[in-house]
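A short write-up of the structure that comes next.
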Amino acid sequence: VSQAIVILYATRNGYTRHIAERLVCSVKARGFESEIIDTAHLPPRFSLQRYAGAMLAAPVHAGSHEREMVDFVKLHKTELEKMPAAFLSVSLSEAGMEDKSAPLERRARASEDVERMIHKFLAETGWHPPAIKAVAGALLYTKYGFLVRFVMKRIAKAAGGSTDTSKDHEYTDWTALDHFADDFLKKEAALASC
Ligand SMILES: Cc1cc2nc3c(=O)[nH]c(=O)nc-3n(C[C@H](O)[C@H](O)[C@H](O)COP(=O)(O)O)c2cc1C
């Protein structure tokens, strides 16, 4: 059996690729081999059977996870359910939820949004990953076109995010992400040694 863990990600503005790269670091630190793949560019005849485990990361846009990830999971659900696998949901709602300076009500609303979006993904794909983590994403003002920048600034204003459009703003708690990845991989390592 292969000892490689595959990190699959989807992205629209590139940020989830950074999250996927960080997962690769955790995988390597635990002594596993790793492969990182963008679900928008899957190699021909891709199969999950070659891997000992999988970590999937996808961002939310307009209330839904990236279409490529939804399609990927639907197509590979049977294989996914036979292997240790984790799902990471990247969003600004999670950033709102983690914002300790925000009013409790706003954080509770953000938390409900996160739950709803993850629930929608699970319902749509029919997949029930044993490990799920919501991850705070980023406001990438410098990478948006005029219209998206305008809309995102308004959303950020209402949600308590930064409205300084002269730069990008990352909200990811990298330490929490490392802990989640390591917990998942620890179980994986224990299984692999049996
Ligand atoms: C047009 C647009 C729509 C978005 N819609 C949502 C949303 O409905 N809920 C949310 O929590 N975050 C939303 N976000 C925030 C993204 O999830 C966040 O920016 C994430 O880091 C994007 O990852 P990516 O760069 O990998 O695409 C949106 C971002 C953009 C640019």
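Whatever order the structure lists them in is the order used to number ligands and atoms, beginning at 1.
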Heavy-atom distances under 4.0 Å decide this one: backbone, side chain, both or neither, for [X] against ligand 1?
X: A62; result: backbone
X: E66; result: neither
X: E94; result: neither

**F87 and F121: CA distance, side-chain angles, deciding distance, ring-ring contact (aromatic ring centres under 6.0 Å, His included) verdict** = CA-CA 10 Å; F87 176 61; F121 176 80; 4.1 Å; yes
**Item:** Heavy-atom donor-acceptor pair, H61 side chain to S91 backbone, under 3.5 Å
**Value:** no
**Nearest-contact summary for atom 25 (O) of ligand 1 - protein heavy atom, Å** = Y15 N, 2.9 Å
**Request:** Give the residue and atom name of whichever protein heavy atom lies nearest to atom 8 (O) of ligand 1, and the separation in Å to one decimal.
**Result:** G63 N, 2.8 Å
Can you check whether [X] has an N/O within less than 3.5 Å of an N/O in ligand 1?
X: R12; value: yes
X: V148; value: no
X: G137; value: no

**Asked** Who's closest to atom 22 (C) of ligand 1 heavy-atom-wise, of P59, G14, A110?
**Response** P59
**Asked** Which of these, V90, T11, L140, V60, has its nearest heavy atom closest to atom 13 (C) of ligand 1?
**Response** V60
**Asked** Do any heavy atoms of Y144 fall under 4.0 Å from ligand 1?
**Response** yes
So, [X] and [Y], do they make that salt bridge, N to O below 4.0 Å?
X: R107; Y: E112; result: no
X: E35; Y: R50; result: yes
X: D71; Y: R67; result: yes

**Asked** Taking ILVMFWY side chains as joined if any heavy atoms are under 4.5 angstrom apart, and letting links pass through other members, which residues group with M117?
**Response** V60
**Request:** Could you please spell out the steps behind the salt bridge (Lys or Arg N to Asp or Glu O under 4.0 Å) verdict for D38 and R17?
**Result:** CA-CA 8 Å; D38 182 346; R17 164 99 196 172; over 6 Å; no
